[in-house]
There are 2 protein chains.
Amino acid sequence: MPRKATVRPPALPVFERPLATVDLVIFTVRADALCALLIRRPRHPDEPFPGRWALPGGFIDVERDDSLEACARRKLREKTGVATPYLEQLGSWGGRKRDPRGWSVTNVYFALLPHAGIEPVAGANALEARWLPITDDGVGERLAFDHDEILAAAIERLRGKVEYTSLPAFLLPDEFTLPELQRAYEIVLGRPVEKSAFRTRILATDLLTEVPRQRTGPNRPAQLYRLKDRDTPIFFPRTFSPRGD
Amino acid sequence: MPRKATVRPPALPVFERPLATVDLVIFTVRADALCALLIRRPRHPDEPFPGRWALPGGFIDVERDDSLEACARRKLREKTGVATPYLEQLGSWGGRKRDPRGWSVTNVYFALLPHAGIEPVAGANALEARWLPITDDGVGERLAFDHDEILAAAIERLRGKVEYTSLPAFLLPDEFTLPELQRAYEIVLGRPVEKSAFRTRILATDLLTEVPRQRTGPNRPAQLYRLKDRDTPIFFPRTFSPRGD
DNA sequence: TAAATAGTGTCTCTAAGACATTATTTG
DNA sequence: CAAATAATGTCTTAGAGACACTATTTA
């Protein structure tokens with residue numbers, strides 16, 4: 001009987017592999033404005049988008065990174081020194097045209113940092129790193145690659161979630177007052193929030209614990225709070241402003 | 001003066017590229033149950049996860065696919081014949097361990113289809129394709145790769161969004177009655193929805209248009225509606241059941 | 001005691017929740 | 001007319017929105 005006709009183990013698929021990166025949209029609140037951390041692309045004319053602002057990120061290192069999220073955390077640590085911020089995946093963008101070097105996929109995460117004097121680190125291939133304030137749906141300047149689109153998506157996601165989650169609390173330092181938290185909501189949303197309703201809503205959920213201390217100033221001092229759980233955001237049952245849209 | 005020390009154009013980065021795939025979570029409502037389309041992995045023992053159920057999908061073809069979404073639509077067409085369903089990106093999953101063939105990234109999309117007799121197509125490397133009913137957070141069986149986790153995330157996303165969007169309408173055929181739409185919400189949410197509030201909410205938004213026809217049966221006939229816009233979902237200002245959580 | 005901001009109270013209005021009731025078809 | 005389901009109405013209640021008011025600090 002002839003040898004069974006089988007059994008070449010199915011080889012690894014022959015498809016050409018796209019370039020694979022991880023990029024970050026890192027938000028903070030600074031000087032009463034929502035800001036994103038951007039880095040400047042190298043100026044060498046053979047680099048893609050020389051001299052343009054871009055999202056921080058870079059290639060996945062399959063030797064060092066165990067997973068996409070691990071890769072994101074590594075890059076975040078390298079850029080900001082912060083190890084445990086709020087981090088969530090935004091999505092992935094991939095296609096033939098977005099990077100002149102070839103078909104590429106980027107996996108994008110977005111992070112929320114308290115601005116406790118975190119100064120961005122200019123790294124290996126980042127001449128310059130800077131917090132740029134968000135205006136409307138971008139930073140008022142065309143970014144490298146498709147990073148405009150990605151940044152806009154991140155802003156939209158953040159604004160959307162702020163309506164019904166506790167995300168802005170992750171933009172503040174460990175301890176904060178209710179008016180400070182309210183201000184963070186207003187900065188992200190770009191519109192005022194009604195004080196009384198805000199307070200009842202926030203305090204009704206099991207979000208905060210009082211700390212036995214107050215923030216003093218030239219006026220009545222404000223109660224300090226901290227997050228019960230700095231790892232998981234709270235989802236409110238309702239949105240902030242039902243009137244219209 | 002010595003030659004300027006520069007100008008090797010920065011070569012393409014030397015990093016090894018991960019495997020890159022696109023997978024799909026395709027939902028429909030069938031026989032009064034939420035179902036997902038799964039395919040069976042080839043049984044050859046050298047294939048990863050032989051004989052297991054898995055999400056439909058496969059490698060990106062950088063020759064044919066212009067973008068991740070185009071790739072997802074191609075695969076969706078190949079599996080179901082449907083060209084224009086509701087499609088949104090769920091996210092990407094990547095790491096060293098999820099595929100025994102090496103560091104891999106999958107970009108996952110989820111689709112909602114009306115079950116108008118769409119029968120899955122068993123394709124090249126899919127011995128069998130089947131609609132499996134969703135129970136709780138899966139299909140009651142361990143899937144290949146990390147597809148359990150991905151499917152659970154898709155279910156969570158769908159259930160979450162159903163609370164405040166019109167997504168279930170995309171699980172129904174072109175024309176449907178309000179009770180049918182309500183039933184779709186109930187099937188996805190896994191709990192009853194109050195009729196009166198449901199109707200006012202749905203009709204208050206600019207979601208549906210009446211069609212001059214009714215669904216008849218052994219009882220009072222029901223008004224037929226269709227979506228004003230079959231491409232974009234509606235977001236409701238409030239959630240469906242604020243009571244508790 | 002004035003300025004400034006923190007924090008509470010009051011009133012209205014909208015929409016959800018929980019029903020009960022009416023409407024329109026078939027057998 | 002009974003069965004069945006569609007569609008509407010009523011009453012209560014929770015919470016947002018708007019805004020007035022009170023509280024507590026510093027200068």
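Within every chain, numbering begins at 1; the chains are lettered A, B, ... in the order of the sequence lines, protein sequences first and strands thereafter.
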Nucleotide of dA7(D), dA16(D), dT24(C) approaching Pro221(B) most closely (side-chain heavy atoms): dT24(C)
From dA18(D), dT5(D), dA7(D), nucleotide with atom closest to Pro179(B) side chain: dA7(D)
Taking only side-chain nitrogens and oxygens of Arg220(B), does any of them come within less than 4.0 Å of OP1 or OP2 of dA7(D)? no
How do Tyr225(A) and Glu194(B) order along DNA chain C: which one's closest nucleotide is nearer the 5' end? Tyr225(A)
Leu24(B) side chain near Phe110(B) side chain, heavy-atom distance below 4.5 Å: no
N/O donor-acceptor pairs under 3.5 Å from side chains in residues 211-219 of chain B, not counting sequence neighbours:
unit_1	atom_1	unit_2	atom_2	d
Arg213(B)	NE	Glu175(B)	OE1	3.4
Arg213(B)	NH2	Glu175(B)	OE1	3.3
Arg213(B)	NH2	Glu175(B)	OE2	2.8
Arg215(B)	NE	Glu180(B)	OE2	2.8
Arg215(B)	NH2	Glu180(B)	OE1	3.1
Arg215(B)	NH2	Glu180(B)	OE2	3.1

If you look at every strand shown and take non-hydrogen atoms under 4.0 Å, does Thr216(A) touch a base, only sugar-phosphate, or nothing? nothing
5′-ward residue of the pair Gly217(A)/Lys195(A) relative to DNA chain D: Lys195(A)
Between dA6(C), dA18(D), dA16(C), which nucleotide has the shortest distance from any of its atoms to the side chain of Ala222(A)? dA6(C)
Within the side chain of Ser67(B), is there an N or O that forms a donor-acceptor pair under 3.5 Å with the backbone of Ala70(B)? yes
To the nearest angstrom, how far is Leu203(A) atom CG from dA16(D) atom C1'? 16 Å
Of the candidate nucleotides dA7(D), dT25(D), dA16(D), which contains the atom at the shortest distance from the side chain of Gln214(A)? dT25(D)
Of Pro218(A) and Arg199(A), whose closest DNA chain C nucleotide lies nearer the 5' terminus? Pro218(A)
Take the protein atom CZ of Arg201(A) and the nucleotide atom C1' of dT8(C), then report the distance between them rounded to whole Å. 19 Å
Within the side chain of Thr80(A), is there an N or O that forms a donor-acceptor pair under 3.5 Å with the backbone of Arg77(A)? no
Side-chain donor or acceptor of Ser196(B) under 3.5 Å from a matching atom on the base of dG9(D)? yes
Looking only at dC19(C), dA4(D), dA6(C), the nucleotide nearest the Asn219(B) side chain is dA4(D)
